[in-house]
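The analysis underlying the following values was restricted to heavy atoms, covering all of them including side chains, and did not include hydrogens, waters or symmetry mates.
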Amino acid sequence: MNNFTLKDEIRSFWSDRAADFDLSVSHQIEPQFGVPEWHRFIETAFGLEGAQFNGQKVLDIACGTGEISRVLVGLGADVTAVDFSETMLARAQEKLNDQTWRAVQADAEALHPIVDSTFDFAVTRHLAWTLTNPVTAYQEWRRVLKPGGQLLIVDGNWVAGKSNLQRVKNWIADRISERRPRSVKEISAHRAIVSRLPYGAGLTAERLQADLRLGGFQSFRLLEVDRLYRAGMRGHPIAARLRQSAENRFAMVVQ
């Protein structure tokens, strides 16, 4: 009998990618231009500036290799990062073990190690589309936020097609520099996972808001993400910058 569940497959898939995950331009937050743009973006999202973040308790949900945690610590926040991949957490630990940051190995859909009403803010990037039980996850995230606490979700519809303009940019980028190839095994594993996810046909802001409401959130505000994928990408080579786009990406602040 095979007891390897979909959640186990997801954990294994991302753990296998941990060693070179920071090579992904869409994941890595480049220090010269990317980090300042993310600082501005998060300050705008939560309505705080600079020193106002000092000591704020912030949860980084599904922290991966710790890129968002680095941004949050840089703002002065007291950060707790959760991920269910021990391998990903180890990579994050290498970057942040001397910062105001602690790691908790936990499933984003079952934050049992964390007590109610702990955090002022929570942030998650590129996680929602992978959830196996989205409403359950959103209930958990609301539970660990303090009354009035805010959650920032940055995600996208990765199934939606590209515009003609982006197709042209990708074509030019491929002539400048070849893409880093993905193995047949990785592509096959990814497709097998996505086909069984609740958001496997694509996550939209409208669908996300509806499910967040079922999870207990009541206030919703969309944010523009263009600057993150334009000005925030200036430190990368031109081919990588051409391939990055805010198309089909969105961000939402909820309470």
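The cluster map of Ile, Leu, Val, Met, Phe, Trp and Tyr, joined by side-chain heavy atoms under 4.5 Å apart, puts Val144 and Ile153 in the same cluster. Tracing side-chain contacts under 4.5 Å through hydrophobic residues (I, L, V, M, F, W, Y), one reaches Trp101 starting from Phe121; they form part of the same cluster. A single hydrophobic cluster is not seen to contain both Val73 and Val104; linkage of ILVMFWY side chains at heavy-atom distances under 4.5 Å, directly or through other members, places them apart. Cluster annotation: Leu127 and Leu89 are assigned to distinct hydrophobic clusters (Ile/Leu/Val/Met/Phe/Trp/Tyr, side-chain heavy-atom contacts under 4.5 Å, transitive). Note on Val82: it clusters hydrophobically with Trp129, by side-chain heavy-atom contacts below 4.5 Å among ILVMFWY residues.
For the pair Gln32 (side chain) and Gly235 (backbone), a donor-acceptor distance under 3.5 Å is absent. For Gln166 (side chain) and Leu242 (main-chain N/O), a donor-acceptor pair under 3.5 Å exists by modelled atom type. Proximity of a side-chain donor or acceptor of Asp20 to a complementary backbone N or O of Leu23 within less than 3.5 Å is not detected. With hydrogens and angles ignored, the 3.5 Å screen pairs a side-chain donor or acceptor of Asp8 with a backbone N or O of Thr5. Counting only distance, with no hydrogens or angles, the side chain of Ser188 and the backbone of Lys185 share no donor-acceptor pair below 3.5 Å. In this structure, the side chain of Asp83 engages the main chain of Gly64 through a donor-acceptor pair within 3.5 Å. Of the possible polar contacts, one joining the Arg70 side chain to the Ile29 backbone as a donor-acceptor pair under 3.5 Å is found. Between the side chain of Arg241 and the main chain of Arg230, no donor-acceptor pair closer than 3.5 Å is present. In this structure, the side chain of Arg234 does not engage the main chain of Phe33 through any donor-acceptor pair within 3.5 Å. Of the possible polar contacts, one joining the Ser15 side chain to the Arg11 backbone as a donor-acceptor pair under 3.5 Å is found.
Taking OG of Ser69 as the start and CD of Gln99 as the end, the distance is 10.5 Å to the nearest 0.5 Å. In this structure, the separation between CZ on Arg91 and OG on Ser85 is 11.0 Å, given to the nearest 0.5 Å. Expressed to the nearest 0.5 Å, how far CG of Leu208 lies from CZ of Arg213 amounts to 11.5 Å. Here the CD1 atom belonging to Ile193 is positioned 6.5 Å from the CG atom belonging to Leu6, to the nearest 0.5 angstrom. Distance check, rounded to the nearest 0.5 Å: CE of Met252 to CD of Gln209 gives 5.0 Å. Rounding to the nearest 0.5 angstrom, the gap separating the CD atom in Gln56 from the CZ atom in Phe46 is 10.0 Å.
Salt-bridge annotation for Lys57 and Asp120: absent, with no side-chain N of the basic residue lying under 4.0 Å from a carboxylate O of the acidic one.
Relative to the ring axis of Tyr229, Arg249 places its NZ or CZ within 45° and under 6.0 Å from the centre.
Residues Thr65 and His27 have side chains that bring a donor and an acceptor to within less than 3.5 angstrom of each other.
Taking the six-membered ring where the residue is Trp, His190 and Phe13 present tilted rings, their angle falling between 30° and 60°.
Applying the salt bridge (charged side-chain N to carboxylate O under 4.0 Å, His left out) test to Arg179 and every residue at least two apart in sequence or in another chain returns Asp174. Contacts of Glu140 classified as side-chain contact (heavy atoms from CB on, under 4.5 Å), with partners at least two apart in sequence or in another chain: Leu111, His112, Arg143.
Among the candidates Ile61, Ile68, Leu223, Val254, the single residue satisfying the side-chain contact (heavy atoms from CB on, under 4.5 Å) test with Leu152 is Leu223. Here the options are Leu59, Val71, Leu72, Thr100, the test is side-chain contact (heavy atoms from CB on, under 4.5 Å), and the partner is Val79; only Leu72 passes.
Annotation: salt bridge (charged side-chain N to carboxylate O under 4.0 Å, His left out) contacts involving residues 194-212, sequence neighbours excluded, comprise Glu9-Arg196, Arg207-Asp211.
Between Phe217 and Trp141, the gap from one ring centroid to the other reaches at least 6.0 Å.
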TODO: Might you work through the side-chain contact (heavy atoms from CB on, under 4.5 Å) test for Arg221 and Gln150, ending with a clear yes or no?
DONE: CA-CA 11 Å; Arg221 177 165 52 93; Gln150 298 180 70; 3.9 Å; yes
- [ ] Report the C-alpha separation of Glu109 and Lys7 in whole Å, then their side-chain angles, then the decisive distance to 0.1 Å, and conclude whether the salt bridge (charged side-chain N to carboxylate O under 4.0 Å, His left out) test is met.
- [x] CA-CA 10 Å; Glu109 299 178 9; Lys7 195 174 290 292; 3.0 Å; yes
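Side-chain atoms of Asn248 and Trp158, non-hydrogen and from C-beta on, never get closer than 4.5 Å to each other.
When every heavy atom of Asp60 is checked against every heavy atom of Cys63, the shortest pair comes out as OD2-CB, 3.3 Å.
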